[in-house]
Q: 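This is the structure, below, for whatever I ask next.
Since the structure is predicted, the reported quantities are computational estimates derived from the model, not experimental observations. Labels below follow one simple rule: chain letters A, B, ... track the order of the sequence lines, proteins then strands, and each chain is numbered from 1.
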Amino acid sequence: MRTCAKTDALPSRRAWRATSSLWLDAVRRLRQSKGAMIGLVLTMILFATALLAPKVAPYPPNKINVGGFLERPSAAHLFGTDQFGRDVFSRVVFGARISLTVGFVAVGIASVLGTITGLVSGYYGGWVDNVLMRLVDVLLAFPGILLALAIVSILGPGLRNVMVAVGVSAIPTYARLTRGSVLAVREQLYITAARSVGVNNTRILLRHVFPNVIAPLIVASTLGIGTSILWAAALSFLGLGSQPPEPEWGRMLSEGRQYLRDHWWIATFPGLAIMITVLGVNLLGDGLRDALDPRLRA
Amino acid sequence: MRKRVFTVLSMLVLVSLVLGACGPAATPTPAPAQPTTAPQPTTAPQPTTPPPTQPPAAPKRGGTLTIGINQNPPTLDPHASPSAITFYILSSTGESLLYLTPDRQLKPWLAESWEVSADAKVFTFRLRKDVTFQDGTPFNAQAVKWNFDRITSPDFHAGAAAGLVVGYDHTEVVDEYTVRIHFRNGYVPFLTNAASPVLSMISPVATEQQGAKVNETPVTTGPYRLTEFVANDHATMERWDGYNRQPPWADHVGPGYVDKIIWKVIPETGTRVATVESGECQVIADVPYSDLPRLQASKDITIQNAAWVGSPLQWLLNVTKPPTDDVRVRKALNFAINRQALADTIYRGTGRPPVGIVTAALLDVPLLSSYYPYDPDKARQLLAEAGWNRTGADGFLVNDQGKRLEIQINSIDYGTGPREIDQWVQAQLQAIGIAVTLKAQARPPWYEDNYACATNGPIMLYRFGDPDSLQALFHSKNVGGFANWSCVKDPELDRLIEQARVETDAQKRTQLYVELSKRVLENAYIVPLVDELSVWALRSEVTGLKFNGFTYPVAADVYFVR
Amino acid sequence: MGIYTLRRFVWAVPVVFGVSVLVFMMLHLVPGDPVKMMLSEFQTTQEQLDLLRSQLHLDESLPKQYARFVWGALHGDLGYSIRTKRPVSREITDNLLPTLELASLGLLVAAIMGIGLGILAALKPHSWVDASSSVFALLGISMPSFWLGLLMIFAFSLHLKLFPATGGGDLKHLVLPALTLGLTESAIIARLTRSSMLEVLRQEYIVVARSKGLRESAVLLRHALKNALIPVVTIFGLQFGRLLAGAVVVETVFGRPGIGRLIVEAIINKDFPLVQGIVLLVSCTYVLVNLIVDLAYGFLDPRIRYD
């Protein structure tokens with residue numbers, strides 16, 4: 001590393017160059033991975049279904065008696081009808097909207113709050129770091145879905161509360177992730193900064209730290225969407241999430257349970273939808289991780 | 001070697017996964033043919049009488065009978081419970097002063113004979129002399145007094161029992177086996193109420209010793225003795241061989257045949273049905289309509305049902321909270337519900353359209369259809385008159401200020417989510433543009449909201465044997481308590497209730513209740529939904545299930561035929 | 001080592017404190033009156049309500065109630081369930097055993113399947129065995145456990161009639177729930193085993209062992225497996241926590257008694273003392289288990305002693 005008059009210009013230009021070739025490399029690796037491509041396709045199908053739901057669904061999802069009651073899958077009703085005569089296929093399609101919204105909002109809450117926490121904690125260190133990390137540990141003390149359950153028990157049932165509950169439960173992941181990245185960068189930048197004079201802290205945070213944090217953040221967010229959808233579906237299955245007549249997949253599973261024996265389609269297709277959606281997102285996330293990670297030891 | 005073991009293991013796992021995944025595609029049982037057009041109206045299912053018992057080759061003694069029920073009783077103390085499910089169980093172990101047969105005849109039970117004063121204020125019972133409680137305490141007038149004083153004591157949290165002794169003043173012990181019960185005002189329904197399992201007699205001595213355990217194993221006088229109650233799991237009763245009388249439903253002396261009866265709590269309908277098909281339970285209650293055809297077709301299963309007495313399943317409309325404070329809206333709700341379709345779909349085989357504000361088994365006067373036939377156009381017209389005359393962007397009706405027509409139903413959740421009937425009502429009303437939300441909650445918060453008149457009303461059921469019990473639903477003093485959840489304060493209704501309570505002439509009394517029904521319907525305080533049947537499934541290896549006049553099951557004489 | 005242990009302990013204390021405060025606040029953040037809820041099904045007077053309120057100490061100041069709460073919790077008194085009126089600790093102990101049974105058997109299933117598949121995949125990297133086990137692992141992570149449970153009920157109970165659909169009690173009732181729980185958790189273990197095993201097999205000492213002429217099985221057993229399993233076994237502690245949380249859903253699907261189903265019903269019934277008690281207990285147990293695992297990990301692998 002050579003010393004230079006413009007102290008912060010050098011690392012940033014270098015970083016930028018490194019970063020841009022990094023992204024290009026990542027995209028190339030992504031395209032080569034079969035799994036990631038399948039994941040991308042599945043995820044895009046989810047997006048498309050959610051956005052174009054009114055066009056894709058043959059019937060309004062909540063309208064009763066569009067067919068007979070408890071009819072088997074047929075040409076008129078691809079996934080059959082349920083106990084109120086509603087078209088299951090249309091409900092599954094509109095359910096994609098709900099799942100996507102839940103996934104995004106929950107991950108949004110978790111990543112924004114978690115990243116801020118991690119950035120502050122990792123950068124300032126000292127007692128700030130200790131306090132914040134202890135708070136994060138308290139959140140982590142609740143295994144799995146328990147924290148989300150506890151939050152829902154306070155706020156009451158409903159999809160909005162589930163989004164908050166799942167989001168808050170996921171904060172620790174992003175906080176720790178961000179903090180780890182910040183620490184790694186800090187190690188390196190400390191030396192640089194020690195040699196230079198009058199470097200603005202915020203600038204360092206934004207220009208140098210943040211770009212290094214973005215990649216693992218993207219991976220975690222993608223995977224996080226899958227986990228959020230699963231947890232929200234679980235909470236709805238337990239009756240604590242979406243309320244009737246919302247066509248949320250987890251709730252549809254719970255409603256279809258008592259008809260399982262002779263009318264298996266009511267519960268089976270929503271479950272399949274959940275699995276395929278989460279699978280797609282997981283494949284994409286895994287692919288992103290493989291594509292982005294190894295190069296990121298900045 | 002290790003590799004092969006692992007390979008075999010993983011193969012097994014994959015195979016079972018595949019089997020599981022292939023299951024849905026290859027259902028071996030043919031599904032019953034479903035109508036693709038609107039279902040045809042079925043003929044009203046007749047309550048079946050129990051299968052004719054051929055001269056039994058002496059019913060076999062012994063065995064354990066397992067009965068699957070759909071809810072957990074909050075308590076097994078007959079005086080403290082507000083829920084019908086407690087009395088499913090109590091009807092086989094508790095005994096009351098009188099017995100009401102399914103065709104509404106009063107028969108002697110713990111009382112041999114009785115007299116009622118002309119003004120219906122004083123009831124004299126001459127008790128049997130040969131009765132003891134299961135703990136050995138003798139049953140006498142003192143015990144009866146203790147029971148009634150307990151129910152009406154201000155320190156005791158009475159359940160439904162409080163509503164069956166309205167105006168109770170005191171009990172007089174005339175002699176050891178004669179007891180006289182005094183009421184402040186005439187109380188004609190008391191004889192019927194005295195036959196209810198809600199007023200079962202429990203042992204004074206044992207109850208005072210047991211403390212809180214009375215909620216699990218109350219000590220009664222009946223042929224079976226409660227020995228265990230594990231909340232949310234099961235209650236067990238064992239045959240009490242110290243019982244040496246003839247129960248009023250039986251043609252034999254002494255207790256029943258099976259050694260033990262286990263009442264298992266299985267709220268999830270699919271699983272409950274599976275248990276009777278697998279034999280895990282020999283009897284189940286509350287058979288869902290979706291499994292009924294398959295069970296009826298099965299040669300291992302018999303279906304038995306009896307029509308419920310009391311209120312039909314109904315929606316009590318909160319008259320103090322907008323928009324249901326407007327009688328036009330309430331009438332519109334009544335016109336908007338297609339009760340025949342309801343009976344043909346999710347109550348197919350398990351219910352029929354109601355006739356009025358009490359079930360047909362209690363008062364068979366067809367009133368409802370003349371007041372509120374299914375007429376969605378009339379409903380929309382009434383709503384428009386009430387100010388909800390435009391349709392908003394999201395398809396729901398709005399008034400001139402742009403406010404949406406929103407109604408919130410207090411929907412009880414037994415543990416498996418809001419009931420289908422609630423969702424069905426929601427769907428029907430949404431179809432004409434009313435934005436209905438279901439506030440699904442468990443018992444305690446559900447009751448709270450009802451007391452506080454916080455929602456637009458609950459959909460609930462209320463079982464009773466005498467129409468006087470309508471006072472719980474409609475008398476103004478029960479607003480904020482049990483169970484005037486329409487929050488109605490109608491002096492004319494109060495007057496009719498109080499008058500019918502003291503009217504000793506049976507015909508005049510019936511007429512008063514008809515008037516009461518008409519007034520309730522005219523003001524649309526409620527939306528009657530379904531006259532339910534109590535539907536049971538029994539395996540062919542057992543028989544002998546009976547029902548008392550309150551439509552509760554008497555399992556005390558069930559026996560195994562093989 | 002001593003300092004490491006001490007440090008971990010010291011850091012666990014504020015976490016437990018934080019958990020207890022959070023859990024305590026739950027009852028008080030909720031709208032509604034717990035005393036009225038408890039007696040809602042009965043007709044009560046204001047005096048009866050006030051009496052119960054003072055008996056439950058709900059009329060005292062918040063800090064005082066918190067102190068009472070912590071003191072009680074340390075002595076095993078977690079208050080009374082609103083719904084059943086029985087002590088919360090009794091409700092928990094009545095339901096603890098079935099959940100522990102389920103979680104243990106689930107962990108066993110997950111371990112056997114996960115480790116087995118992971119090893120298979122590592123032994124033949126990039127083969128069809130490897131590919132299918134990756135697919136299986138991915139499916140396991142993506143599949144909702146409640147859906148798998150329903151499919152199991154459908155196939156094995158309703159149609160093949162091999163196992164009972166619901167209830168608790170004996171081993172028969174444990175099979176399907178444990179399989180459901182274990183299968184979904186085994187995916188994570190399979191992935192970890194595979195990568196760990198691959199990592200180990202690349203190491204020099206394995207090459208050395210092979211070149212020494214040892215039989216492949218001896219190589220595997222004596223050298224590779226032991227080391228490969230270290231990271232796997234250490235996540236068992238974390239896994240147990242996940243399994244307890246997974247039990248919430250599985251117990252509901254199969255209608256099995258246990259604290260999972262207990263907490264769901266408690267939430268639906270707004271039975272906050274019970275929810276509080278369970279959350280407190282499970283979280284503190286989880287913190288404890290993590291602490292033990294961390295210490296054990298530090299003990300086993302001397303390289304990991306940093307923070």
Q: Answer with side chain, backbone, both or neither: which region of C/Val275 has an atom nearer than 4.5 Å to a non-hydrogen atom of chain A?
A: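 For C/Val275, side-chain heavy atoms alone lie under 4.5 Å from chain A.
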Q: Show, in sequence, the C-alpha distance, side-chain angles and deciding distance for A/Val138 and C/Phe17, and conclude whether the side chain to side chain contact (heavy atoms under 4.5 Å, CB included) test is met.
A: CA-CA 9 Å; A/Val138 167; C/Phe17 174 71; over 6 Å; no
Q: Pick out which of A/Leu279, A/Leu283, A/Val281 makes a side chain to side chain contact (heavy atoms under 4.5 Å, CB included) with C/Ser142.
A: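 Only one option passes, and that is A/Leu279.
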Q: Check the pair C/Leu138 / A/Asp286 against side chain to side chain contact (heavy atoms under 4.5 Å, CB included), numbers first and verdict last.
A: CA-CA 10 Å; C/Leu138 261 171; A/Asp286 273 355; 4.0 Å; yes
Q: Run A/Trp264 and C/Phe154 through side chain to side chain contact (heavy atoms under 4.5 Å, CB included) and show every step you take.
A: CA-CA 8 Å; A/Trp264 50 268; C/Phe154 183 83; 3.7 Å; yes
Q: Quick test of your reading: applying salt bridge (charged side-chain N to carboxylate O under 4.0 Å, His left out), list the pairs with at least one residue in residues 124-136 of chain A, sequence neighbours left out, ordered by first then second residue.
A: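 Every pair satisfying salt bridge (charged side-chain N to carboxylate O under 4.0 Å, His left out) with a residue in residues 124-136 of chain A: A/Asp129-A/Arg179, A/Arg134-A/Asp137.
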Q: In Å and rounded to the nearest 0.5 Å, what is the OG to CG distance from C/Ser283 to A/Leu139?
A: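 With rounding to 0.5 Å, OG (C/Ser283) is 11.0 Å from CG (A/Leu139).
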Q: Rounded to the nearest 0.5 Å, what separation is found between the OG1 atom of A/Thr268 and the CG atom of C/Leu151?
A: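 Result: 6.0 Å between the selected atoms.
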Q: For C/Arg261, which atoms come within 4.5 Å of any heavy atom of chain A: side chain, backbone, both, or neither?
A: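 No part of C/Arg261 comes within 4.5 Å of chain A.
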Q: Step by step, work out the side chain to side chain contact (heavy atoms under 4.5 Å, CB included) result for C/Val249 and A/Trp231.
A: CA-CA 10 Å; C/Val249 172; A/Trp231 281 18; over 6 Å; no
Q: Using every non-hydrogen atom in the two residues, find where A/Arg257 and C/Thr252 come nearest and quote the distance to one decimal.
A: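 Smallest heavy-atom distance, with atoms named: NH2-O, 3.3 Å.
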Q: Measure distances from C/Val264 to the heavy atoms of chain A and classify the residue's part below 4.5 Å as side chain, backbone, both or neither.
A: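 When you check distances to chain A, only side chain atoms of C/Val264 fall under 4.5 Å.
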Q: I need the C/Leu148 CG to A/Met275 CE distance, nearest 0.5 Å.
A: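 Going from CG on C/Leu148 over to CE on A/Met275, the span is 9.5 Å.
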Q: Flag the pair C/Val19 / A/Phe142 as yes when at least one side-chain heavy-atom distance between them is below 4.5 Å, and no otherwise.
A: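 In short, these two side chains touch, coming nearer than 4.5 Å.
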Q: What part of C/Ile263 gets closer than 4.5 Å to chain A, counting heavy atoms only: side chain, backbone, both or neither?
A: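 Looking at C/Ile263, just its side chain touches chain A.
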Q: Does the side chain of A/Leu146 reach to within under 4.5 Å of the side chain of C/Tyr286, using non-hydrogen atoms?
A: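 Contact flag for A/Leu146/C/Tyr286 side chains = no.
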Q: Any chance CZ of A/Arg176 has more than 12 other-residue heavy atoms, nucleotides or ligands included, within less than 6.0 Å?
A: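 Count not over threshold, so no.
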Q: Sort A/Leu272 into side chain, backbone, both or neither according to what part of it lies under 4.5 angstrom from a heavy atom of chain C.
A: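 Contact with chain C is through both the backbone and side chain of A/Leu272.
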Q: At what distance, to the nearest 0.5 angstrom, does CG of C/Leu22 lie from CD1 of A/Ile151?
A: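 Going from CG on C/Leu22 over to CD1 on A/Ile151, the span is 8.0 Å.
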Q: Would you mind telling me which of A/Leu235, A/Ile145, A/Leu149, A/Val152 has the largest number of heavy-atom pairs within less than 4.5 Å of chain C?
A: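 Most heavy-atom pairs within the cutoff with chain C belong to A/Leu149.
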Q: Search all heavy atoms of C/Phe146 against all heavy atoms of A/Leu230 and return the closest pair with its distance.
A: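 Where C/Phe146 meets A/Leu230 most closely, the heavy atoms are CE2-O, 4.4 Å.
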Q: For the backbone of A/Leu253 and the side chain of C/Trp147, can you confirm whether one donor and one acceptor N or O come within less than 3.5 Å of each other?
A: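 No.
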